[in-house]
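Following: one structure in structure tokens, then a few remarks.
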There are 4 protein chains.
Amino acid sequence: MPKVGMEPIRKAALVRATITEIGRAGSLDVTVSQIARRAGMSAALAHHYFGSKEQIFLAAMRHILSIYGAEVRGALVAAGPDPRARLEAIVRGSFTRTNFRREVVSAWLNFYTLAQTVPAARRLLTVYQRRLHSNLMHALVPLAASRAQPIAEALAAMIDGVYIREALASGAPDGMAAADFVIGFLDRELGAAP
Amino acid sequence: MPKVGMEPIRKAALVRATITEIGRAGSLDVTVSQIARRAGMSAALAHHYFGSKEQIFLAAMRHILSIYGAEVRGALVAAGPDPRARLEAIVRGSFTRTNFRREVVSAWLNFYTLAQTVPAARRLLTVYQRRLHSNLMHALVPLAASRAQPIAEALAAMIDGVYIREALASGAPDGMAAADFVIGFLDRELGAAP
Amino acid sequence: MPKVGMEPIRKAALVRATITEIGRAGSLDVTVSQIARRAGMSAALAHHYFGSKEQIFLAAMRHILSIYGAEVRGALVAAGPDPRARLEAIVRGSFTRTNFRREVVSAWLNFYTLAQTVPAARRLLTVYQRRLHSNLMHALVPLAASRAQPIAEALAAMIDGVYIREALASGAPDGMAAADFVIGFLDRELGAAP
Amino acid sequence: MPKVGMEPIRKAALVRATITEIGRAGSLDVTVSQIARRAGMSAALAHHYFGSKEQIFLAAMRHILSIYGAEVRGALVAAGPDPRARLEAIVRGSFTRTNFRREVVSAWLNFYTLAQTVPAARRLLTVYQRRLHSNLMHALVPLAASRAQPIAEALAAMIDGVYIREALASGAPDGMAAADFVIGFLDRELGAAP
DNA sequence: AATGAATGAGGATTCATTCAT
DNA sequence: GATGAATGAATCCTCATTCAT
């Protein structure tokens with residue numbers, strides 16, 4: 001067993017465990033002990049690496065957001081330069097199997113509430129929103145000109161809305177259907193007389 | 001002064017206090033003492049009337065949902081029989097000044113997370129979703145025929161999305177603008193080629 | 001069992017228990033649980049009444065200092081107007097059986113260290129020192145004129161010195177001997193050529 | 001670079017760090033990590049060298065007491081055989097700039113409380129007291145005959161009293177003034193009619 | 001009806017100490 | 001020699017809930 005360089009390993013394990021536990025509990029009322037136990041270590045060690053429960057939560061948020069960002073970036077690269085294709089990439093990237101999992105959706109919802117209390121959490125979500133908006137605008141301007149702005153906002157709201165509603169749904173999340181749904185809406189917006 | 005008939009008064013005060021405190025804290029991490037203090041009574045009395053903290057939360061949810069329902073019903077009555085007018089009434093009812101207040105938005109968000117844990121809370125939100133869906137469908141079927149269903153879902157998602165995003169916004173909520181925004185979307189959906 | 005007006009009773013019990021426990025442990029490393037248990041209640045109740053461990057310690061200090069003040073005041077009243085008698089009263093009041101008990105001496109010593117960390121504790125000790133100084137000066141000025149000031153300081157230092165040394169002694173404190181010892185010193189100071 | 005012979009260097013660094021940290025904190029509530037960090041090493045190494053926190057504290061006490069002893073011995077050598085000069089040397093040695101520093105005074109006070117709990121600490125302080133007493137007696141017997149004993153005790157108490165009061169003072173310690181103060185007292189005691 | 005009194009259960013956090021490398 | 005890794009045991013404090021009055 002290696003006894004050195006554990007920090008990144010432990011931290012990653014804790015982040016994963018945090019998301020799992022939040023998803024499982026459906027709330028942020030998760031103890032550090034629970035998280036640590038699932039990550040296979042003592043609560044003391046979790047504190048040793050993160051300093052506080054809040055930092056653990058923030059790391060989990062960062063993780064989810066960075067995964068999200070990576071998925072979208074990947075999809076954009078694959079999409080090439082065509083604006084319509086890029087829009088679809090952004091939307092589909094939001095409903096990837098990795099992102100649109102029950103636990104992640106639940107964590108997402110809980111992070112929204114966390115952001116109401118913890119400034120750092122709010123900042124993270126704001127960054128996410130801004131990046132999404134910017135991505136959407138770049139692709140929408142060539143297609144919708146002056147209506148790019150409202151369409152971008154509507155898309156963002158709808159993506160969040162679909163997420164939050166999924167949090168209450170009973171079956172397993174169907175990312176493909178969700179993405180199709182949002183893209184259908186997008187196409188009608190683009191097709192509407194300006 | 002008679003001491004009888006205090007029950008509904010006390011309960012109402014507690015419900016109001018609960019929503020205020022949740023809005024203020026931005027989370028469900030609110031103690032019964034805080035709620036009771038704001039309602040001008042002891043925590044013991046709050047328990048006497050509601051039995052448990054969970055029941056207090058549920059009563060607050062019911063209150064918010066019933067206010068919401070009342071606003072929408074009122075708007076529908078005023079709207080008369082025209083389907084387009086009725087749709088607009090439903091949307092505007094969702095963004096009334098009473099509904100679309102910071103505290104209420106925050107409480108709403110938190111109740112979504114509560115619904116993940118507490119079955120009774122989930123049931124309440126499901127009822128709200130169903131009623132909204134049913135209202136939308138009644139008005140949409142004459143206007144959009146087979147596309148009524150997806151449009152209704154899109155509208156519902158967008159309303160929730162706008163709410164959740166408002167929870168992170170910094171300024172005071174602008175219900176009028178939010179309603180206009182959603183109705184613009186609705187009209188384009190209705191105008192799109194079937 | 002009375003169920004009302006417990007606060008002063010509980011608080012007094014906690015203060016007594018705190019002094020006992022500090023004396024017993026010989027340090028401030030005393031848990032709230034220990035204190036509460038000795039006072040016959042739960043740790044939660046101790047927190048309910050005092051809010052924090054620090055407040056409990058401060059209340060104990062205040063108690064000790066007020067007892068001390070009362071003893072000295074009582075002795076002064078009994079002493080009448082004669083300055084020499086008043087000086088003796090002050091010194092003897094410092095070594096009363098109530099004050100010069102093992103536990104109290106130990107608590108006293110520990111409060112000195114507490115005062116290095118906790119401003120409120122420092123303030124309390126400063127008040128004690130000032131009052132002692134003022135009492136001594138009033139009685140010394142008629143007897144020693146310009147040398148009143150240094151004699152007062154020497155007396156105060158010696159009283160504290162006797163206390164701190166008692167904290168290390170093995171037998172039971174002998175307040176009478178200690179007082180005689182300090183008064184002997186005082187008399188020689190007064191008798192010395194100015 | 002040879003790694004041998006590090007032990008005394010490391011230990012000395014730890015002892016210095018301990019005194020600094022106790023002085024800084026004004027209490028014994030100092031963690032081994034703090035001490036080790038200030039000494040430029042890991043907490044594990046501190047344990048390696050001393051075995052336990054208690055041993056670290058004791059080493060620090062021994063260090064302070066040995067410094068104290070050395071100062072006094074040095075002053076005695078310089079004083080020569082004259083009893084009065086030797087007394088003055090003892091007193092001045094107690095208020096050397098090295099001894100009468102804020103941190104050391106604070107550490108001293110804290111070691112008094114430590115001595116209430118830890119027998120080994122008590123033994124160390126007892127040794128110090130006995131040596132001081134013995135030194136004083138040797139010089140006092142030729143000057144004060146039968147009154148040597150009480151004067152020695154009074155001097156010792158006063159030195160401790162001045163120390164403890166300095167722990168609460170606000171300005172920087174003034175060892176010269178303190179020594180003058182105690183010597184003035186001594187001279188009056190010696191001058192008093194037997 | 002109303003409340004102060006009271007507590008058990010739990011939770012974040014700290015820390016001395018041990019161990020494998 | 002030196003340290004990062006790791007943890008068990010504590011400790012302060014909070015809080016929902018119950019009870020006697």
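Comparing C:Ser33 and A:Glu7 against DNA chain F, the residue whose closest nucleotide sits nearer the 5' end is A:Glu7. Of the residues near DNA chain F, B:Val32 and C:Ser52, the one whose nearest nucleotide (by heavy atom distance) lies more toward the 5' end is C:Ser52. With the nearest nucleotide of DNA chain E identified for both A:Ala43 and D:Ala43, A:Ala43 has the one nearer the 5' end.
Of the candidates E:dA12, E:dC15, E:dT17, E:dA12 carries the atom nearest the A:Lys53 side chain, counting heavy atoms from C-beta on. Of the candidates E:dT14, E:dT18, F:dT17, E:dT14 carries the atom nearest the A:His47 side chain, counting heavy atoms from C-beta on. Set against E:dT7, F:dC13, F:dT3, the side chain of C:Met41 has E:dT7 as its closest nucleotide. When each of E:dT3, F:dT14, E:dT18 is scored by its nearest atom to the side-chain atoms of D:Ala44, the top-ranked nucleotide is E:dT18. Nearest nucleotide to the D:Ser42 side chain, out of F:dT3, E:dA6, E:dC15: F:dT3.
With D:Ile35 as reference, D:Val30 is the one residue of D:Ile19, D:Val30, D:Val15, D:Thr20 to meet the side-chain contact (heavy atoms from CB on, under 4.5 Å) rule. Across B:Leu114, B:Leu58, B:Val118, a single residue satisfies side-chain contact (heavy atoms from CB on, under 4.5 Å) together with B:Leu124, and that is B:Leu58.
Between A:Gln116 and B:Ser106, the side chains place a donor N or O and an acceptor N or O closer than 3.5 Å (distance only, hydrogens not considered).
Contact annotation: A:His48 does not reach the phosphate of F:dT7 (side-chain N/O to OP1 or OP2, under 4.0 Å). Residue C:Arg10 places at least one side-chain N or O under 4.0 Å from the OP1 or OP2 atom of E:dA6. Dashed line: the shortest gap from a side-chain N or O of A:Tyr49 to OP1 or OP2 of F:dG4 is not under 4.0 Å.
The separation between A:Leu28 atom CG and E:dA12 atom C1' is 15 Å, rounded to whole Å. Nucleotide E:dT7 holds its P atom 9 Å from the CE atom of C:Met6, rounded to whole Å. Whole-Å rounding puts the C:Ile56 CD1 to F:dT11 P distance at 14 Å. Distance CG (A:Leu45) to P (E:dC19): 17 Å, rounded to an integer number of Å. Rounded to a whole Å, the CD atom of C:Glu54 is 18 Å from the P atom of F:dT11. The nearest whole Å value for the distance from the CD atom in D:Gln55 to the C1' atom in E:dT17 is 14 Å.
The aromatic rings of A:Tyr128 and A:Trp108 lie perpendicular to each other, with more than 60° between the two planes, well past the 30° mark.
How far CG of D:Asn110 is from CD1 of D:Ile22: 6.0 Å, rounded to the nearest 0.5 Å.
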